[in-house]
Amino acid sequence: MEFNAEQQTALTSEARNLLVLAGAGTGKTRTIIGRARHLLATGVSPKRIVIVTFTRRAASEIRGRLIKAAGEDAATVVTGTFHNFCLRIMRSRQRWFGFTDLTVMDRDDQLQLMKLARGEIVGKDSSIAKAAQLVSFYSYARNTNQPPRKYLEKFAELDPPAVEIVLKIFAKYKERKLAGSYFDYDDILHRFAKVLHDSDEVRRKVAQQFDHVLVDEMQDTNPLQWLILESLAEYAHLFCVGDDAQSIYAFRGADFKNVHSFNSRLPNSETLKLEQNYRSTQPILDLANWLLEVSDLKYEKRLRAVRGAGDKPQLLDFENEYDEAEWIVGRIMKRHAEGARWDDHMVLCRSAYVARPVEGLLIERKIPYRFVGGIGLLQMAHVRDLLSVLRVAVNYRDELAWMRYLTLWPRIGEVTAAKMVCKIVSTSSSSEAASVLDEAVGKRTEIAEAVHLVARQQRAPSEAIQQLTQNLEPLFETRYENWESRSKDFRLLGKLAAKHQDVATFLETYTLDPMSASEASPSEGDDIVTLITVHSAKGTESKACYVVGVQPGNYPHTRSLDDAEAIEEERRVLYVALTRAEDELVLTRHFSRGPARVSWNAPVQTHYFLERLPKTLVDSKSLFGSLYDVSWDDDYIG
DNA sequence: TATCAAGCTGTTTTT
DNA sequence: CAGCTTGATA
C-alpha cells in the first residue's frame, strides 16, 4: 500500500484527536485502513481499535481490506456500524446498561407500533399526522437529541393542541415498546449514549477498553452519535474522516457541525485535508467542482485529478423515462459486446422508484445486475410474513410478530389474533406459551406446528426456513397471486440464513441492516451491473457511471423544496453521484412529467442545479424521438 | 368478524 | 402502481 504525503501525515499523526477532511475519491477508506495498519504496526493491540462505519457494507469492506493489508491479526479489530457497535457492547455488558432480552424493531415494526399508538389516542382523526410521519418526527428528535416537545413546536411547526396529542401518542408508543421489550434503532444509540453520559463508572469501563476509535463518514454523524464519540474520546484517540460536501443524511439527524466544530469541541485536536483525487479524470471533477462553486454555501473545495485529462461528461435529454432507460441499457450492452465488464457500469438513481424502468429492462434483456438500496429482501411483505414465525419462536413475547403471523391465516383477523396474543404474551415461559398456543388454535394444529417447528430448529436457521416454507406453502399460495416469483425469495433467505449459527443472530443481523434481494443473490466477485441509490453509493466507484433522472423533481427532490437547507442537501446528493465516476460520466434526464411544482408557489426549476450549467463543462445532446445516438449507426441497414 | 372489491392518494434518501 | 380506506356482504 502506498500513500501520498497528505495521507502519510494523517495516518501517522500523533495528535490526540484528528479530523481528516477528505474530498471524494481522495482515498478516505484507504487512509482509515492505513491508519489501522499503522497502529497495529506500532504495537497497538487489535482488540483496542474500533472502526465505526455507516453501513454494514462499508464495515465488511473495510474489514476485508484491512485483513488483506495487515494479516489475520487484524481480524479482532472491532468493526461495525454505530448501531452494531453499541449493541454488541450492551449485550456483552448487560448489567451496566440495564439490558435484558429484547427484540430489535425495524422500520416496519416501528410503523406498526406507532399506528397502534396513534389509533389508541386519536382513532381515525385525519387531522393528525400519519404514523409514518410521527415515526420520523420522533426519530429525528431523538437523533438530534432534543426533547420531542421542543422539536414539534419549533421545527415541525405544529400548533399547541396538536403538539399535546402527538406527545400523548409518543408516550403510548413508548409504553407499548416497553411492554413488548422492543428496542427501536434509536433506542440502541440512545441507551448507550445515555448510560455513558450519566455514569462516570460505565463510561470509564467502556471507553478504557479502547485506545483508538476510527470513524468513517464523520459528516453523517448525528448529535446522539457525537455524544457517544465524546464519551469515548475521554479515554481513546479519535481519528475521524469525512467530507462536508458529501453530507446527505440530514434527514436522519446528521449534523455537519460535528465536522465544522470538531476542533473547538475537542481539546488537543487537529485537522488535515486530503485534496488529491485518485478516482476521476479532470473533466468529471470540473463538473462536480462547478456544482459546489455555484452554491451559496462555501464548501471551499476543489478536487484535483491526479489522473489528469479525460472525456467530458455527457448530458442527454430524452422524451421520457423509458427512452432514457432504453438508451442506458443499450449503451451498457454495446460496451459489454465490445469487451467491457458488466461491473464497470453503475447506474445511480435518486430513489428506488426512478430505477424501475432501468431495472425492468435489465431483467428483460437478461443482464446480470444487483440493486442496492430501496426496500430490501427482508422488508418485502411475504418475507416478513415468514420471518414473523422465526421471531415468535425466538421470543414468544414479540407481539408484533404474533399479530403478523396469526392474521395470515384465513378467518383470523385482528380481533381474534389480538385475543390469542394477549394470552400468549402473559405467560411466563416459552413452554407455557407453547401450550397456550396449542390450546388457542384448537383443531387447527398447523398454525401452531409451524412455530414448534422453528423452535426445534433454533440452531439450524437454514433448515428451519426450508421446512417452514414447505409447511406454509399452501397458505402463501392462496394469499399471494404471484406466489411462484415470490417463493424464490425464500430459497434465497435460506441461503442467507445458512451463514448464521442460530435463528436469533440471523434475525438480528438483518434487522439492523436488511439487504435487498438482488444484492443478496449474486455471490461475491460476480460480474454484474450495479443499480444503486445515490445514498447507498457513497464510498463506491465505477469506471462508467450513469446518473438517471437528473431533472428537477429528482435533483432537488420535490419533497424537499420547502426548506433551503434540504435543497442544499440535494445538491450534495447530486455531487456524491457525480463524483462516483472514474472515466465516464453520463447524466440523463427527461421532462415528460412537465414542470414539477412546489405546491402552488415556485416551480422546481427555480432551484434546479443544472440551470446555468456552462456549455463547456459537458457534451449535451437531445435524443428526442430517436433512441439511437447517431454515433451508434452501423455500416449497413439490416 | 372476516373478506373482498372499488376507489383514492401520493410517490426520498437509511441505521 | 401499491397501499390504504371504505363500504357492502357472508
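First the proteins, then the strands, lettered A, B, ... as listed; each starts at 1.
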*Return no unless some side-chain N or O of A:Thr533 is found under 4.0 Å from OP1 or OP2 of B:dT14.*
yes

*Output yes when at least one side-chain N/O atom of A:Thr558 is less than 4.0 Å from OP1 or OP2 of B:dT11, else no.*
no

Can you tell me how far [atom2] of [N] sits from [atom1] of [X], to the nearest Å?
X: A:Lys538; N: B:dT14; atom1: NZ; atom2: P; value: 11 Å
X: A:Tyr140; N: B:dT15; atom1: OH; atom2: C1'; value: 16 Å
X: A:Leu574; N: B:dT12; atom1: CG; atom2: P; value: 19 Å
X: A:Leu408; N: B:dA2; atom1: CG; atom2: C1'; value: 15 Å
X: A:Arg57; N: B:dT13; atom1: CZ; atom2: C1'; value: 13 Å
X: A:Asp220; N: B:dT14; atom1: CG; atom2: C1'; value: 10 Å
X: A:Phe183; N: B:dT15; atom1: CZ; atom2: P; value: 19 Å
X: A:Arg88; N: B:dT15; atom1: CZ; atom2: P; value: 17 Å

*Can A:Phe251 be called stacked on B:dT13 when the rule is centres closer than 5.5 Å and an angle between planes below 30°?*
yes

_I'd like to check, for A:His557, whether its ring lies over the base of B:dT12 with centroids under 5.5 Å apart and a plane angle smaller than 30°._
yes

_Is the terminal nitrogen or CZ of A:Arg252 (NZ for Lys, CZ for Arg) located under 6.0 angstrom from the six-membered ring centre of A:Tyr249 and within 45° of that ring's axis?_
yes

*Name the orientation class of the two ring planes belonging to A:Trp226 and A:Phe262 (parallel below 30°, tilted from 30 to 60°, perpendicular beyond 60°).*
perpendicular

_Parallel, tilted or perpendicular, judged at 30° and 60°: which one describes the rings of A:His535 and A:Phe251?_
perpendicular

Where the side chain of [X] is concerned, which of [options] is the nearest nucleotide?
X: A:Thr81; options: B:dT12, B:dT15, B:dA2; answer: B:dT15
X: A:Ser351; options: B:dT14, B:dT1, B:dT13; answer: B:dT13
X: A:Arg356; options: B:dT1, C:dC1, B:dT14; answer: C:dC1
X: A:Arg559; options: B:dA2, B:dG10, B:dT13; answer: B:dG10
X: A:Glu570; options: B:dT12, B:dT14, B:dT15; answer: B:dT12
X: A:Tyr353; options: B:dT13, B:dT11, B:dT15; answer: B:dT11

*Which comes earlier along DNA chain B counting from the 5' end, the contact point of A:Ser139 or that of A:Arg350, where each point is its nearest nucleotide?*
A:Arg350

_First of A:Asn143 and A:Trp409 reached from the 5' end of DNA chain B, by closest nucleotide_ = A:Trp409

*Going by an N to O cut-off under 4.0 Å, is there a salt bridge joining A:Arg57 and A:Glu61?*
no

_Lys/Arg-Asp/Glu bridge criterion (N-O < 4.0 Å) met for A:Asp109, A:Arg384_ = yes

Determine the contact category for [X]: base if any of its heavy atoms lies under 4.0 Å from a base atom, sugar-phosphate if only primed atoms, P, OP1 or OP2 are that close, otherwise nothing.
X: A:Ile248; result: nothing
X: A:Ser560; result: nothing
X: A:Lys115; result: sugar-phosphate
X: A:Phe82; result: nothing
X: A:Glu414; result: sugar-phosphate

*May I ask you to verify whether the side chain of A:His83 and the base of B:dT15 hold a donor-acceptor pair under 3.5 Å?*
yes

*Using salt bridge (charged side-chain N to carboxylate O under 4.0 Å, His left out) as the criterion, point out the one residue from A:Arg176, A:Arg142, A:Arg107 that pairs with A:Asp184.*
A:Arg142

